[in-house]
Amino acid sequence: MVPRFRAAPVQSTCGSLSEFMRVDLSSLNAPQKSAVRTLDGPLLVLAGAGTGKTRVITMRMAELIGSGVPPEKILSVTFTNKAAKEMLERTRAILGGRLKTRPWISTFHALCVSLLRQDISRLGYPQKFTILDRGDQESVARSVLRDIRVTEKSLRPGDLLGIISRWKSAGLSPLRAAHEAVDDREYLATMAYRRYQDRLRSTGSVDFDDLLLLAAELFEEHPDVLDRHQQRFSHVQIDEYQDTNGIQFRLIEALVRKHRNLCVVGDDDQSIYGWRGADVQHILNFGRYFPGAQVVRLEDNYRCTDQILAHANRLVRHNRGRHGKVLRASKTSSHEVRFLNYPDEQLEAEKVVFEIRFHIQQKGVPAGDFAILFRTNEQPRLFESELRRQGVPYLLVGSQSFFDRKEIKDLMCYLKVLDRPEDEQSLLRIINVPSRGIGPGTSGKLLERAVKEGRPFWDVAGEAARAGDVPKKAAQALLEFRDLLRSWQVRFQNRPRDMAALTRELIDAIHYDREIEKQYPDPQQQLGRQAVVDEFIDALAGYVEKTPDPSLTEFLDNCSLNDRDEEPDKEQQAAENAVKLMTLHSAKGLEFPRVYMVGMEEGILPHKRSVDAEDERGIEEERRLCYVGVTRARDHLTLSRAESRIKWGSRRPTIPSRFLDEMRSEEDLETELEAGE
DNA sequence: CTGATTGACGTTTTT
DNA sequence: CGTCAATCAG
């Protein structure tokens, strides 16, 4: 039984979605059709940029449901929460009212949280564990490094986390890692790794890699659990398979071992997460791991113009170790790809924004058509202030800027402590926020004692307060704070539906507004910060509203995984009609009619760190990153660079990115040469 | 313990 | 040029 598909308009989170996405099954080309119709057995869809990969997955899901597979037996794993939501929306649009139950669509991390919430105690972890977000991880790393007296000069917290993450994705325990360490830095890192892991385990917290690692461990050590989940899902599909890392592969391999109904979709040329442990080999060797796999190649690009695609193809040809695809454009255009030089970075920002404003105001082009893409997070600053100055609406699609804000972190820690009183990591962050007379001296002493004696923080604190081991003022404050937390813990028990209102009350009770006033003398800024707090309450309220059985734990999980509930309506609308600013990494999977890639200079793209590494693979990944950027553009692509740039106070000339020449045709380069002479 | 001032120093991407 | 940690005077 094959369902009849209905064409339906679909809204993407980034504004417009190409026309291609809106059409129905009958318009698929032959390879696409065969991919969609392959319902059983391993299947590899090898596709280029703009060929409708995600659409194939969505269609296939609809096809499965149409042929009688219950939606909840289908597991679709995507790369980001946003993509997951979008995929669900699209499936719903294709099936119309026929989708009664929610298919299981998630990211790897959300999948693992759901597995672990049930069975993590089997691995000796507390039933209620905390997921550390990036900021938490960094502070653990920092304090571990302090413990073993490693200065930040020889190993910075961020770098340590990177090394640990790579080891974890490779499945290396601290002990094994110690054998593998090649230099002093890595040796230091192994010591830090052990302590880091001990610290997490003893506080009942996990980082992102642990989520995957523990889930894999659960499968390997508890066959009954694995069996249950193998039966739970009859079909598994994975989007963006080129970014799968070692643990993710283990997880999936275990899940599909019995039925082998696995469909993966990916583009080896778009693998840009190697630094995070992703391994292209998984997609390159798919056939080896899953013998008999059908391979479908999609090489018809429906997104970019022929000109843009020609540049993309020329660029990526410089990479070795790839499957080798040549994308065919289905769209021709007379718009040339433009290469622009500006004397300095200020002018680059000014002119680019001016041009965008011109098109919006004089030509009536929607602001949402534009995207400015860059390599690093410090680059957008100039563009932001320029956009603001010229009055152009914009949206900085920062990875986690919302959760990075101090206020959000503070409030999250309050909620974490209320949800899990034994979460001392979070307690320490808020014990003196707003300042209540418990300084670092006091809390440090108490923590040290608590750790040494292996007792809960509050036991030690109460004892010390009575014994007069801490200043009188601090002792008083400690007792008051403990009582405050206790009384709120009671109020937050039993999953109250008015969590948001309660949180608001809590904020008032601790006089958080006064803290804000103190921190920010500028009243304008104060308002901004207050708004951040309001936003947080809104997010919480939004979560409660659309969740049947809301819990603080789940809300906090979602926050750590950056799965924020729907943006408030205002923001949503602004997002639809605003110029998007984002890094190349976050642009993955999106598309825009007009793309500006800025700062095309050696040292930025490719980034200096990959150039210095002298490892050709680093450069190749940067090249793929550039390729991803180029292929985001549907109609207009502009690459620009500044001939000089200020760094650390002094202005220095720049060198054009090697990728610029690599992507230009012979003729282009020749005319350029003549013009130069 | 808190709040202000001075100095050193800095290379990337994120679930 | 910024940021952030270390330092010093209430």
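- Among the atoms of the strands shown, none is found under 4.0 Å from any heavy atom of A:Phe108.
- In this structure A:Gln379 satisfies the side chain to side chain donor-acceptor pair (under 3.5 Å) test together with A:Thr376, sequence neighbours excluded.
- Residue contacts for A:Thr442: at a heavy-atom cut-off of 4.0 Å it reaches the sugar-phosphate backbone alone, with no base atom in range.
- Separating the CZ atom of A:Arg134 from the C1' atom of B:dT14 is a distance of 8 Å, rounded to the nearest angstrom.
- Within the 4.5 Å cutoff, the side chain of A:Arg632 has no heavy atoms near those of the A:Met597 side chain.
- A:Ser640 places none of its side-chain heavy atoms less than 4.5 Å from the side chain of A:Tyr596.
- Counting to the nearest Å, the C1' atom of C:dT3 and the CD atom of A:Glu138 are 14 Å from each other.
- Separating the CG atom of A:Leu373 from the P atom of B:dT12 is a distance of 19 Å, rounded to the nearest angstrom.
- Of the listed residues (A:Thr54, A:Thr58, A:Thr107), just one forms a side chain to side chain donor-acceptor pair (under 3.5 Å) with A:Asp239, and that residue is A:Thr54.
- When all heavy atoms of A:Thr244 and A:Phe249 are compared, the closest pair comes out as CG2-N, 3.8 Å.
- Ranking B:dG10, B:dT11, B:dT13 by closeness to the A:His585 side chain, first place goes to B:dT13.
- The interatomic distance linking A:Arg652 (CZ) with B:dG10 (P) rounds to 15 Å, in whole Å.
- Nucleotide B:dT12 holds its C1' atom 10 Å from the CZ atom of A:Arg156, rounded to whole Å.
- Rounded to whole Å, the distance from CD1 on A:Ile238 to P on B:dT15 is 18 Å.
- Put simply, A:Trp275 rests on the base of B:dT13: the two rings are less than 5.5 Å apart at their centres and nearly parallel, under 30°.
- A:Asp612 comes within 4.0 angstrom of a nucleotide base, judged by non-hydrogen atoms across all strands.
- Per the geometry, NZ belonging to A:Lys647 stands 16 Å off P belonging to C:dC1, to the nearest Å.
- The aromatic ring of A:His607 stacks onto the base of B:dT12, its centre lying under 5.5 Å from the centre of the six-membered base ring with the two planes under 30° apart.
- Checked by distance alone, A:Arg375 brings a side-chain donor or acceptor within 3.5 Å of a matching partner on the base of B:dT12.
- Proximity of A:Asn377 to the phosphate of B:dT12: no side-chain N or O atom is located under 4.0 Å from OP1 or OP2.
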